[in-house]
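Below is one structure; the comments refer to it alone.
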2 protein chains.
Amino acid sequence: METRELRYFVAVAEELHFGRAAQRLGIAQPPLSRAIQQLERRLGAALLDRTSRTVTLTEAGSVLLTEGRAALDAVDAAERRTRRAALSPTGRPGLVLATKASASRELLAKLLDAYAAEPGAVPVDVILCGPAEQERLLHEGRADVALLHRPFDSTAGFDTEELSTEGQVVVLPAGHPLAVRAHVHMADITGLPGLPLPRWPSPDGTYPPGPGPQVRDHAQLLQLVALGRACAVSPESCRAQLHSDLAAVPVLDAPKVTTVIAWPSHSRSRAVADLVRTAIRLQ
Amino acid sequence: METRELRYFVAVAEELHFGRAAQRLGIAQPPLSRAIQQLERRLGAALLDRTSRTVTLTEAGSVLLTEGRAALDAVDAAERRTRRAALSPTGRPGLVLATKASASRELLAKLLDAYAAEPGAVPVDVILCGPAEQERLLHEGRADVALLHRPFDSTAGFDTEELSTEGQVVVLPAGHPLAVRAHVHMADITGLPGLPLPRWPSPDGTYPPGPGPQVRDHAQLLQLVALGRACAVSPESCRAQLHSDLAAVPVLDAPKVTTVIAWPSHSRSRAVADLVRTAIRLQ
DNA sequence: GGCAACGATACCTTCCAGGTATCGTTGCGG
DNA sequence: CCGCAACGATACCTGGAAGGTATCGTTGCC
């Protein structure tokens, strides 16, 4: 199977319309029809049920859609990583590490310092990204290694090592009545009048329905808390980043958050292995 | 990047010889040279250093070799799973489950029975394979789900759920002096005169050097133990499969073995999800 | 029943993958 | 030091496949 055929099929399967898919691909509709027919012939499988009015996926077609997307991602990742390896002037490609902007700066700084001191260390670029974006970057080959936070981020398809586990705190406006408490429970903070928990976007970019403001990153979130429009439950380590107009109170029964370092499981990069070993030794 | 180019590159990178690679690919050498040049031009990266006597990989080339292999595996897996989905007569593709021949029959039987009783269950084919073969089958799309045994098998790149944890026993000929003990320690059984631990093949098919017979599967192993040529450390559950001429004694300080159910992390198959849910509920 | 939307088909053109022949370089044995 | 053999690169040709345009057949809809 050629990637061209796969890209054509994915386009049609997503649009469920040959004309629009052809337009998206920048080719005419007839060659697209033929390419899909040929793919079906070679696979010995009907991928699409088509009438002159509608196109629908067969069972085999929907399998090929998910599997094909994964395969195309892998091909694109291969291409990107190769390009990056070639671009690096030293011949020793640098590493790209993806992490949430809200992650522990202390852990990250310690890790980068310790790794830089290793013999054979290469330059590390850090990408600060929004929630759950690291997985995509790793899959797409835009990053070599990432810091993820379970249970929020999915570690599906990666190798991981646990680095640290911490409890969570609720972040409140400094003057809030609960801010003086030594600790609280989840029940104390769900449904606080005027301070709803915010809504994070789903992987598809849409927001779940419900009360609470929509946020895209941690800075927005803290801004909203400072404005008295929301409260937030975050890992303890965020305390180091809080301004004095915010207060943090431990939430005893919130789920523990584990920071893990993750990398594509087929990675054979010496640099990734060194960085991971350094990270483990720090703990 | 087309898969054809990728296959060509992988062939050359593995052979480090254009002539042999062309032969392996079933094409002539000049088109192969041209294809690689074109790939290098498009990537903007030198992949191979060539003199008229030797071919070596550049840094970028070795990145593309590992990443490209992974990508080709993904493409092949997509093709195979699609074919399988189409072949199944019901339109509801059956599942293929890969497990070691030596795995617990009890767990497997319970799982298959419980899943078959689920509404919407599909037929499950079971592949019994040798040690560490399940990972390959899953990656190649020949299996949809597998039972793996940590720490022996690598779960890299898969989603997993733990099913059970058990201790290990040493399997001995029935008449052996240690066979009457209630339990032993690892120190008791390393270097037993005449009963060495066997050697398993590495992933590349070769055997590590050392004493002890070479074995390929569990049946061979038990045969050798019965013949008094080896002893073996195995998960407890293998006791159910032991003939009376063999004895099993718990090894107190052997590492615990965890059976996990594993599936490709991008799997969106309803059947896989059902089977996994059933497996978790059994525990 | 006419029409419009849509995928399939027919047919042509262009381009590129692949083949054969040959060249230029290089290491090696005499 | 020279001839030779091995090897990748180049030159040139050919067939097939990818892509384009025009058009057909079917189908739902007003």
Side-chain angles (χ1 to χ4, degrees), chain A residues 1-62 64-65 68 71-72 75 79 86, chain B residues 1-62 64-65 68 71-72 75 79 86:
Chain A
M1 225 177 6
E2 289 302 311
T3 55
R4 185 184 53 85
E5 305 176 285
L6 217 40
R7 283 183 222 281
Y8 285 8
F9 172 74
V10 169
V12 177
E14 285 178 354
E15 299 284 347
L16 291 178
H17 190 292
F18 280 74
R20 277 196 301 276
Q23 201 170 0
R24 194 173 112 185
L25 293 166
I27 63 171
Q29 170 258 318
L32 181 56
S33 283
R34 254 186 306 144
I36 302 292
Q37 288 172 36
Q38 182 175 330
L39 182 59
E40 288 179 312
R41 227 177 306 126
R42 281 220 290 256
L43 289 174
L47 300 173
L48 300 163
D49 284 326
R50 22 208 192 288
T51 72
S52 74
R53 307 301 285 181
T54 60
V55 176
T56 54
L57 281 171
T58 64
E59 192 68 29
S62 69
L64 186 58
L65 179 56
L72 288 177
V75 172
E79 188 166 336
Chain B
M1 223 174 9
E2 289 303 310
T3 54
R4 185 184 52 86
E5 305 176 284
L6 218 40
R7 283 183 221 281
Y8 285 9
F9 172 73
V10 169
V12 177
E14 286 178 354
E15 299 284 346
L16 290 178
H17 190 291
F18 280 72
R20 278 196 302 274
Q23 200 169 0
R24 195 173 111 185
L25 293 165
I27 64 171
Q29 170 257 318
L32 181 56
S33 284
R34 253 187 308 143
I36 302 291
Q37 287 172 38
Q38 183 175 329
L39 181 61
E40 288 179 311
R41 230 176 304 126
R42 280 219 290 259
L43 289 174
L47 301 172
L48 300 163
D49 284 325
R50 18 206 193 292
T51 71
S52 73
R53 306 302 284 178
T54 59
V55 176
T56 55
L57 282 172
T58 64
E59 192 67 30
S62 70
L64 186 58
L65 179 56
L72 288 177
V75 172
E79 188 166 337

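Not measured: the values here are computed from a predicted model.
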Can you tell me how far [atom2] of [N] sits from [atom1] of [X], to the nearest Å?
{"X": "A:L25", "N": "D:dG20", "atom1": "CG", "atom2": "P", "value": "11 Å"}
{"X": "A:R41", "N": "D:dA17", "atom1": "CZ", "atom2": "P", "value": "10 Å"}
{"X": "B:R53", "N": "D:dA5", "atom1": "CZ", "atom2": "P", "value": "12 Å"}
{"X": "A:L32", "N": "D:dA17", "atom1": "CG", "atom2": "C1'", "value": "16 Å"}
{"X": "B:R4", "N": "D:dA17", "atom1": "CZ", "atom2": "P", "value": "13 Å"}

Going 5' to 3' along DNA chain C, which nucleotides are the first and last within contact of chain B (any atom under 4.0 Å from a heavy atom)?
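It runs C:dA17 to C:dG27.
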Are any of A:R42's side-chain N or O atoms less than 4.0 Å away from OP1 or OP2 of D:dA17?
no
Tell me if a side-chain donor or acceptor on B:T3 pairs with a main-chain N or O of A:M1 at a distance below 3.5 Å.
yes
Mind checking A:E2 for me? I need base, sugar-phosphate or nothing, with any heavy atom below 4.0 Å counting as a touch.
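Contact class for A:E2: none.
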Check every strand shown and say whether A:E5 touches a base, only sugar-phosphate, or nothing at a heavy-atom separation below 4.0 Å.
nothing
Approximate separation, where rounding is to 0.5 Å, of [X] [atom1] and [Y] [atom2]:
{"X": "B:R50", "Y": "B:H17", "atom1": "CZ", "atom2": "NE2", "value": "13.5 Å"}
{"X": "B:Q23", "Y": "B:F18", "atom1": "CD", "atom2": "CZ", "value": "15.0 Å"}
{"X": "A:L64", "Y": "A:E40", "atom1": "CG", "atom2": "CD", "value": "10.0 Å"}

In terms of the nearest nucleotide of DNA chain D, which residue is placed more toward the 5' end: B:H17 or B:Q37?
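Here B:H17 is the residue nearer the 5' end.
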5' priority, DNA chain D, between B:R50 and A:A35 [closest heavy atom]
B:R50
Taking all atoms of both residues into account, what is the closest heavy-atom pair of A:A21 and A:L32, and its distance?
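Answer, listing the atom of A:A21 first, then A:L32: CB-CD2, 3.8 Å.
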Check: B:L65 and B:V10 side chains under 4.5 Å, non-hydrogen atoms
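Yes, at least one pair of side-chain atoms sits under 4.5 Å.
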Does A:R42 reach the side chain of A:Q38, with side-chain heavy atoms less than 4.5 Å apart?
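A side-chain contact under 4.5 Å exists here.
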Of B:G26 and A:S33, whose nearest nucleotide on DNA chain C comes first from the 5' end?
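Its nucleotide being nearer the 5' end, the pick is A:S33.
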